[in-house]
Amino acid sequence: MVGIAVLGAGRIGKIHAANVAANPNARLIAVADPYASAAQALAGALGADAMTDCEAAIDRDDVDAIVIGTPTNTHIQLMMRAVRQGKAVLCEKPIDLDLLKSQAAAEEIESLKGRVMLAFNRRFETTFAEMRAAIDAGDIGEVRQVIISSRDPGLAPEDYIKHSGGIFRDMTIHDLDIGRWLLGEEPVQLTAIGSRLIDPAMMEKYDDYDTAMVQMQTASGKQCHINNCRQAVYGYDQRIEVFGSKGMLQMDNLRPTTIRRWSAEVTDAREPLLNFFLERYQQAYKSELDAFVGALVDGKPLPVTPNDGLQALRLAEAAVESVRTGRAVAL
Ligand SMILES: NC(=O)c1ccc[n+]([C@@H]2O[C@H](COP(=O)([O-])OP(=O)(O)OC[C@H]3O[C@@H](n4cnc5c(N)ncnc54)[C@H](O)[C@@H]3O)[C@@H](O)[C@H]2O)c1
């Protein structure tokens, strides 16, 4: 049994804690959050100890591994405390908003042979994983182009945008990870454009964008195109197309059921898309946690590394630079 403490009892912490509690090889030891009522509510519901001190939770003898679901600016400190004690970590994205700090952390993790997995949950979603498997099986030959559309249902509140680190580090980072994962090669050049179409005043205030496109190319010429928007009136839009020398793979949005309706008003109308990331990626979060625990139990390498977190952040930084300069960025 792997004893696990979940740090952070917010949106993502709740998901991780429930998935730890449901894993037969893990025991949810504690939930820690500086807000006692949040820690208590989540820990109480899952039969774990509630703590307000995240560092004390890491230090417990019965805690072998931690899951970090706290705000991004706390990730490195908590992660390194666990790594220095030889404990394993599943850390939410991004590692940090600062590339140099993230790089230093990744180097220390490597020198300590730390076991850290970055929580790029989409890799564990059944359809995404099937796409990667189909590419590996040679179903579409050599990958030539990856096209990712990833749009949120609605603009996040100002307080979220203010601390998010900007669209590229906060939102696009998932797509940048999936892009390089599906390409199977590191991008060597990136171009990005950003627009303020939903709430120009707020975006201007935080030097951010609500609508963006990124294009990347690898050394052998493989291409990736990412479309992002913080607001799609029809719901959480997550689609991918991978085009190769022998065919193409397409991934569509998911809906609660496959019912299609016809009437005097509509034809072929389908149900709304699954609302947002908590619903759309529910299975992915569970499979991600199970993969983390499974790798620890079997003594196998963790499937997503600090380097993956670093590379995605590097691409996000390049996107920021490309928008600022209006030029392609060499990586
Ligand atoms: N992989 C994904 O799909 C995904 C989705 C959402 C969020 N995230 C990431 O998860 C992290 C948390 O996001 P969220 O949406 O759950 O946020 P949230 O605000 O809902 O939850 C954060 C929790 O951390 C607690 N907290 C605040 N300050 C703290 C501190 N100094 N130390 C410890 N805990 C503190 C808060 O009380 C809160 O309960 C972020 O890094 C975010 O980027 C990832």
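Computed from heavy atoms alone, side chains included, the values below leave out hydrogens, waters and symmetry copies. All of these numbers come straight from a predicted model, not from anything done at the bench. Counting starts at 1 for both ligands and their atoms, in listed order.
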Does any N/O atom on D170 come nearer than 3.5 Å to any N/O atom on ligand 1? no

Polar side chain donor-acceptor pair, Q145 to Q223, under 3.5 angstrom: yes

Within the supplied structure, the quantity of interest is the number of heavy atoms (other residues, nucleotides, ligands) at a distance under 6.0 Å from R132 CZ; does it exceed 12? yes

Look at atom 42 (C) of ligand 1 and say which protein heavy atom is nearest, naming residue and atom and giving the distance to 0.1 Å. K93 O, 3.7 Å

Who's the nearest protein heavy-atom neighbour of atom 22 (C) of ligand 1, and how far? G69 O, 3.9 Å

Do we see a donor-acceptor contact under 3.5 Å between the side chains of E279 and Y236? no

Using a 4.0 Å heavy-atom cut-off, which part of A119 comes near ligand 1: side chain, backbone, both, or neither? backbone

Testing the basics here: between V323 and G194, what is the closest heavy-atom pair and its distance to 0.1 Å? CG2-N, 3.9 Å

Within the structure, is a non-hydrogen atom of Y281 found at a distance of less than 4.0 Å from ligand 1? no

Checking contacts now, so for atom 28 (N) of ligand 1, which I'm interested in, is there any protein heavy atom under 4.0 Å? yes

I want to confirm something. Looking only at heavy atoms, which of T70, T72, L278, I15 is nearest to atom 11 (C) of ligand 1? T70

Distance only, no hydrogens: is a donor on one side chain within 3.5 Å (strictly under) of an acceptor on the other, for N121 and E125? no

Starting from atom 20 (O) of ligand 1, find the nearest protein heavy-atom neighbour and note its residue, name and distance. R11 N, 2.9 Å

Note the single closest protein heavy atom to atom 24 (O) of ligand 1, along with its residue, its atom name and the distance in Å. P71 CD, 3.3 Å

Is Q282 atom CD crowded by more than 12 heavy atoms from other residues, nucleotides or ligands, each under 6.0 Å away? no

Quick one: does ligand 1 sit under 4.0 Å from the side chain of H174, the backbone, both or neither, non-hydrogen atoms only? side chain

If I take atom CZ from residue F276 and atom CZ from residue R11, how far apart are they, to the nearest 0.5 angstrom? 6.5 Å

Record the part of E92 in heavy-atom contact with ligand 1 below 4.0 Å; permitted values are side chain, backbone, both and neither. side chain

Would a 4.0 Å cut-off, counted as strictly less than, catch a protein heavy atom around atom 17 (O) of ligand 1? no

Scan D210, I161, D208 and name whichever one has a side chain to side chain contact (heavy atoms under 4.5 Å, CB included) with M202. I161

Which protein non-hydrogen atom lies closest to atom 31 (N) of ligand 1, naming both residue and atom, and how far is it? T74 CG2, 3.5 Å

If I compare all heavy atoms of P256 with all of P272, which pair ends up nearest, and what's the gap? CD-O, 3.2 Å

May I ask whether H75 has any heavy atom positioned less than 4.0 angstrom from an atom of ligand 1? yes

Over 12 non-hydrogen atoms of neighbours within 6.0 angstrom of CD in E110: no

Which residue owns the protein heavy atom closest to atom 7 (C) of ligand 1, what's the atom, and how far is it? I12 CB, 4.1 Å

Judged on heavy-atom distance to atom 6 (C) of ligand 1, which of F120, F277, Y160 sits nearest? F277

Which bit of A38 is near ligand 1, meaning a heavy atom under 4.0 Å away: side chain, backbone, both or neither? neither

Ignoring hydrogens, just give me the one of G8, G165, C91, P34 whose non-hydrogen atom is nearest atom 34 (N) of ligand 1. P34

Is there a nitrogen or oxygen of Y285 sitting under 3.5 Å from a nitrogen or oxygen of ligand 1? yes

Using salt bridge (charged side-chain N to carboxylate O under 4.0 Å, His left out) as the criterion, point out the one residue from D175, D177, D308 that pairs with R122. D175

Sub-4.5 Å side-chain heavy-atom contact between D96 and H75: no

Counting from 1, what ligand 1 atoms have a heavy atom of C54 closer than 4.0 Å? 33 (C)

D33 N/O under 3.5 Å from ligand 1 N/O: yes

Run the side-chain contact (heavy atoms from CB on, under 4.5 Å) test on L7 and I58 for me, step by step, so that the C-alpha distance in whole Å, both residues' side-chain angles and the decisive distance to 0.1 Å come before the verdict. CA-CA 9 Å; L7 314 182; I58 297 170; 4.0 Å; yes

Heavy-atom nearest neighbour in the protein, as seen from atom 21 (O) of ligand 1, with distance rounded to 0.1 Å: G10 CA, 3.2 Å

